Each structure stands twice: as structure tokens, then as C-alpha cells.
Protein chains: 2
Amino acid sequence: MNDSCLHICEHDAPASTVESLVEHCRSKGLRKTALLVALLRLFLNSIKPISVQAIQSDSSIGDSCDTATVYRLLGRLEERGIVRRIGSHERSMHYVLNLGHNHREYLICTQCGGVEVLDFPCPVDTLEQKIARKTGYQHLYHELQFFGVCPKCA
Amino acid sequence: MNDSCLHICEHDAPASTVESLVEHCRSKGLRKTALLVALLRLFLNSIKPISVQAIQSDSSIGDSCDTATVYRLLGRLEERGIVRRIGSHERSMHYVLNLGHNHREYLICTQCGGVEVLDFPCPVDTLEQKIARKTGYQHLYHELQFFGVCPKCA
DNA sequence: GTAATTGCAAATCATTTGCTTCGTA
DNA sequence: TACGAAGCAAATGATTTGCAATTAC
């Protein structure tokens, strides 16, 4: 791998439209509600993991929606493999759209908590297959996060 | 990399002794208390991340120690770089001894929560240096976790 | 002796659950 | 209409904080 494979990715064109995602949800038994649409739109507009707090403070969701409802919908989306829960050092859970092997890796500042999205060919995919063979684990996926002190905080 | 580089690691000889770790802590301004010694011993005996709950249910710590005290000591150890907080899908925080680049990667069952420790040459280290150069982030480190369904749960 | 550490109690904050009402299909 | 989804309130669980008492150095 050479350096040109690695650059910070500020934003990418979404892989799907809100409409297609809504249809996908409906095909898995979910109903089309205002919250579902707003949530999917929010996920499509951010390739960074989103915290429940960020969801609730979003203007299109915010006051109009109960906390428990947000948690329940996120749970239903996760059960169906539409979003993925991401482990985080913060107190609250973070979620991202589940894009399978098109996922991204993150670089997180340990001082200010800022998140940058990295874009490079994932070096772990072949290893993942090897682990699956060795261990017998199924449906393998991975989470890779980098931590450090960003230039502003240093 | 060939397959022989990858095997599941059940347990390893600890990298340090309790005594040397205690001395390290003292050199960073911590006092030698019963909890500190018990905690360091617990960390040395487990290469897996330890949850606060597991710490409190440990016989050598258990009832003899207040919850708030455990949290406060873990915080002091983390500030000094002696342990590292590990992001987790569970509600509670997990910690491991900070072994720098001698860290391990984990394979976690999404069904039963079981954790296996993987032992292989980390494929991310060179990438990490590249990221440091590109982004200007300092003190870089990473967390890599694999998730899947273990043979028992499948 | 002094500053760090602890214990205890109470406060926060995230997340979950029960139950009733509402809205989509 | 029927069942999934939302709203509301209360419960649970993890983590944090204030303050007075204790202990290592």
C-alpha cells in the first residue's frame, strides 16, 4: 500500500437513498413512520457514528419524539441489520448504517472527542477470513478505531 | 502472512510483575494501597478486558471496597497511561493494562458475549504510522475488535 | 503533618420497561 | 380493524460527585 491509498475522507455520496432504505425497512416488517424517515435521513447524511444524544438533538427529530421511542427504533433497526451499534469510549451508544464491507474506520481525538473518517483499503479483511476459518466463528465483522491527539489539541 | 501466524492465545506470561507495576504507579504519584495492588494483580492475571463489574465481584476486592473508590482509582490509572479504557458494546466500561504495542486484539461473540484473545502480528501498525504522518495526530494507538457468532452459539 | 485516598450517600445520566393510546397497512 | 409504533412515567443500572474520616509517605 502506498500513501495515495490513504486520505481523510470528509464526506461521501450516500450509498442509498432515503426512499430505498425505507423500502428495505418495510420489507423487513417495519412501518414507515416520521421517525424512521428522519432517522434514516440523519444516518445517510453522516458517515460518522451518531450518538443517541445527537439524534435527539437533531432539529428534525428533537422535541417531537420521545426518548424511549428512539431507543426502540434503533433496537429494531439493529436487530434487522440495518444499523450497527458501535462501541465507544463515551458513555452513550453510537450507531452507523450497516454498509457491510463498505464500512469506514475512524480516527478519534482523545482530548476533544472529534471524529475523522478514514478512507483506505481495509487491511483487516483478509485476516478476518483467516480468523473465521481458524475459530469457526460465523458472520464475522470488525471494528477498527484509531485514537490520538489531534493537531488542535496538541 | 501465513496461517501459522494466527492462533488463539489462551494465556500468556505476564509482561511485568505486580511489584514492578506498583513501583511504576508510585513513580507517577500514586500511593500503594490494598486496592491498587489487588487491581494490578487482577489485570496481570487477565489479558482480556475487565469490566468494572468483574473487578467488584473479584474476591480479593469485592465487598472490601466501595464502588466509587474503584472508579476513582481506574480513572487515576487511566490518566497516567497505566490502563486503557476499551470501548465495548456492553453498558459497562472495560479496562486493560496498557502494554503499548504489545496489545492484543479480541474476538467477541455477539450472542453470548464470550471473548477470545487473538494472537497475530498486528496488520495495522504500519498503517498507524502512515495515518500519524498524514493527519498530524500524535500518540496514536488503535483498537481492533472482531465480532461474530461463536461455534457454541451458532 | 499533609496530601492522597477512602467510604458513604446522594446526584446524574443513559437506557429499559409497562402500559395505554395512536396510526399505518 | 389489527398489530406495530409512539407517548408518558417510572424503574433500573452505570458512573460521578461532595464531604467527612482515614491512611500512606
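Just so we're on the same page: letters track the sequence lines, and every chain starts at 1. Please read these numbers as outputs of a predicted model, since none were measured by experiment. Values reported hereafter were calculated over all heavy atoms of this structure, with side chains retained and with hydrogens, waters and symmetry mates removed.
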When rounded to whole Å, the CZ to C1' distance for the pair B:Arg76 and C:dA3 reads 12 Å
Taken to the nearest whole Å, CG/B:Leu73 to P/C:dG7 is 11 Å
What do the steps show when you test B:His142 against B:Glu105 for side chain to side chain contact (heavy atoms under 4.5 Å, CB included), and what is the final call?
-> CA-CA 10 Å; B:His142 66 269; B:Glu105 329 289 357; 3.7 Å; yes
What pairs of nitrogen or oxygen atoms, one from the protein and one from nucleotides 22-25 of chain C, lie under 3.5 Å apart?
| residue | atom | partner | partner atom | Å |
| --- | --- | --- | --- | --- |
| C:dG23 | N2 | A:Arg31 | NH1 | 2.3 |
| C:dT24 | O2 | A:Arg31 | NH1 | 2.8 |
| C:dA25 | OP1 | A:Arg26 | NH1 | 3.0 |
| C:dA25 | OP1 | A:Lys32 | N | 3.3 |

Note, [X] side chain near [Y] side chain (heavy atom, < 4.5 Å):
X        : Y        : answer
A:Leu144 : B:Phe146 : no
B:Val96  : B:Ile50  : no
A:Leu107 : A:Val117 : no

For residues 18-25 of chain A, which side-chain N or O atoms pair as donor and acceptor with protein atoms under 3.5 Å away, sequence neighbours left out?
| residue | atom | partner | partner atom | Å |
| --- | --- | --- | --- | --- |
| A:Ser20 | OG | A:Thr17 | N | 3.2 |
| A:Ser20 | OG | A:Thr17 | O | 2.9 |
| A:Ser20 | OG | A:Thr17 | OG1 | 3.2 |

Of all residues at least two apart in sequence or in a different chain, which pass the side-chain hydrogen bond (donor to acceptor under 3.5 Å, both in side chains) check with [X]?
X        : result
B:Gln56  : B:Thr67
B:Ser60  : B:Asp58
B:Tyr106 : none
B:Arg85  : B:Tyr95

Taken in chain and number order and not counting sequence neighbours, the residues that satisfy side-chain contact (heavy atoms from CB on, under 4.5 Å) with A:Ala132 are A:Leu140
Contacts of B:Ser92 meeting side-chain contact (heavy atoms from CB on, under 4.5 Å) (sequence neighbours excluded), chain-then-number -> B:Ser51, B:Gln53, B:His94
Check your understanding: Which is true for A:Leu35 with a 4.0 Å heavy-atom rule: it touches a base, it touches only sugar-phosphate, or it touches nothing?
Key -> sugar-phosphate
Bounded by its outermost nucleotides with an atom under 4.0 Å from a heavy atom of chain A, the footprint on DNA chain D reads D:dC3 to D:dT16
With five pairs defining each end axis, the helix from C:dG1-D:dC25 to C:dA25-D:dT1 comes out bent, to 10°, by 40°
Under a 4.0 Å heavy-atom criterion, the protein footprint on nucleotides 9-17 of chain C, written with B, S and -, is ----SSBBB
Residues pairing under side-chain hydrogen bond (donor to acceptor under 3.5 Å, both in side chains) where one sits in residues 143-154 of chain B, two or more places apart or in two chains, turn out to be A:His89-B:Glu143
Donor-acceptor pair, side chain of B:Asn98 and main chain of B:Arg84, under 3.5 angstrom
no
